[in-house]
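Within every chain, numbering begins at 1; the chains are lettered A, B, ... in the order of the sequence lines, protein sequences first and strands thereafter.
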2 protein chains.
Amino acid sequence: MTEPPGRRERKKAATRQKIADTALRLFLERGYDAVGIREVAAEADVAVTTLFSHFASKEALVFEQDEDFEQRLARAVTGRAPHEPLIPALRREVHALVRHCTADGAAPIWRMIDESPALRRYDESMRLRHAETLAAAIAADLELSRTATVGRTIARFVVDAYALAREAADPEAAVDEIFPMIEAAWEAGRSRVRA
Amino acid sequence: MTEPPGRRERKKAATRQKIADTALRLFLERGYDAVGIREVAAEADVAVTTLFSHFASKEALVFEQDEDFEQRLARAVTGRAPHEPLIPALRREVHALVRHCTADGAAPIWRMIDESPALRRYDESMRLRHAETLAAAIAADLELSRTATVGRTIARFVVDAYALAREAADPEAAVDEIFPMIEAAWEAGRSRVRA
DNA sequence: TTCGAAAAGCTAACGGTTAGTGCTACGGTC
DNA sequence: GACCGTAGCACTAACCGTTAGCTTTTCGAA
């Protein structure tokens, strides 16, 4: 992953990184909406089309690093210890995610996101994608006593917990307040066929 | 509300309606993404700027009618019978909303929405707004035994139930499957200060 | 009738995004 | 070491949603 797989790919990665760094710097300096794509491209010394060959949209420039976030919730399910219950594993992972987002360095970025409607909507869409990925992981893990709908529902609830906690005054405490509710929902989701 | 309050406002309403009707017809005929704003304006025989003085965005043309939706969930809380428990009241309202969305006439519109990323994202944003409105209504109704975080969480869960049900094969059954989970979460949300 | 203001219009532009078309430099192959 | 296919990048020119600036039309009220 860190080895040099050829000059070409190194250059490509360097270009991508330079674009992302330049963009984030300009955005933080002068505001997301006040900086145009043409300006980012000029400052990074690439063509606009090159920029869009590396990033699908202007918003994607901001969320560059969070690609693995998509998989972390799913891995918390599929990679947990055998016989470990589902919800506590998810709770641990959400705790970690929240801690990561509220770390010192991340604060200005999240403030910027909160201030821009476009970025907020992009973030919302991302979370829905995350919920779907998580739902798939849960479905693959489901015992017979629960339906697919229950799995999808829990996936949404977990992603909600993450979003709500991030907005809360005390994010970690919020996670601890919400997860018992999710646990209860999960218990109630046992099919009542013969319970 | 249905009386004629003057020619001016009648004409304005007529213009608005004509724009919305024309847009929806064109969108359904040839696809949302394949029809441009300039085309809708031309077909409705208005200027583009006029169109945007009636609707805030292209997406808003599609969701024209659902403005009162925003308030329905909140009213289900504030306007319920005295001493009626919260969750069953919300359950009834979500049932009604789902039934409304899966009615015969609405099917092609929702198919169109599902096919366009822009419309999906707009819908997601709308739902978040609805969750916040509902959260405010719940907060105003909260007994001392539950915190504001619990209220916000339940609001999200309820809106999730609506979204999940709409995507389910049997929407009404999905509501009935999800709401017991919400009920359990609500119970678990009692503060454990002295329970 | 006259006047103020809301509604509608026109033009022109801005900002994100995408074709279309090359050029150049790299990487695998002989 | 020369060769060729292709990936990466550049440039131009446009499309599309959206907005600003300003003029014209159309009501409602005085």
*Touch class at under 4.0 angstrom, heavy-atom based, for B:V48 against every strand present*: base

*Under 3.5 Å, side chain of A:R146 to main-chain N/O of A:V150, donor-acceptor pair present?*
no

*Does the ring center of A:H100 lie less than 6.0 Å from the ring center of A:F69?*
yes

*Is it true that A:Y162 and A:L128 fall in one hydrophobic cluster, defined by side-chain heavy atoms closer than 4.5 Å?*
no

*Does a side-chain N or O from A:T50 land closer than 4.0 Å to OP1 or OP2 of D:dA10, or not?*
yes

*Quick one: A:K12 NZ to D:dT6 C1', roughly how many Å, whole number?*
12 Å

*Check every atom of C:dT18, D:dG17, D:dA14 against the side chain of A:F52 and return the nucleotide holding the closest atom.*
C:dT18

*Do B:R80 side-chain atoms and B:V77 backbone N/O form a donor-acceptor pair below 3.5 Å?*
yes

*Which residue, B:I37 or A:V46, contacts DNA chain D at a nucleotide closer to its 5' end, judged by nearest heavy atom?*
A:V46

*Rounding to a whole Å, what distance do you find between B:E9:CD and C:dA5:P?*
17 Å

*When all nucleic acid strands are considered with a 4.0 Å heavy-atom cut-off, which category describes B:S53: base, sugar-phosphate, or nothing?*
nothing

*Rounded distance (Å) that lies between atom C1' of D:dG17 and atom CG of B:L119*: 14 Å

*Rounded distance in Å - NE2 (A:H54) to C1' (D:dG8)*: 7 Å

_The side chain of A:T15 is closest to which nucleotide in this list: D:dA10, D:dC9, C:dG9?_
D:dC9

*Just compare C:dA8, D:dT18, C:dT17 and give me whichever is closest to any side-chain atom of B:K58.*
D:dT18

_So B:D45, base contact, sugar-phosphate only, or nothing? Heavy-atom distance under 4.0 Å._
sugar-phosphate

*Considering only side-chain heavy atoms of B:T49, which listed nucleotide, D:dG21, C:dT18, C:dA8, is closest?*
D:dG21

_B:K58 NZ/CZ over B:Y32 ring centroid, <6.0 Å and within 45° of normal_ = yes

*Between A:K11 (NZ) and C:dG27 (C1'), how many Å, whole number?*
13 Å

_By the 4.0 Å heavy-atom rule, please label A:V40 as base, sugar-phosphate, or nothing._
nothing

*Integer-rounded Å distance: C:dA7 P and B:K18 NZ*: 18 Å

*Mind calculating the distance between CG (A:L51) and C1' (C:dG15) to the nearest angstrom?*
13 Å

*Spacing between B:R7 atom CZ and C:dA7 atom P, to the nearest angstrom*: 15 Å

*Between the side-chain atoms of A:R38 and the base atoms of C:dG16, is any donor-acceptor pair under 3.5 Å?*
yes

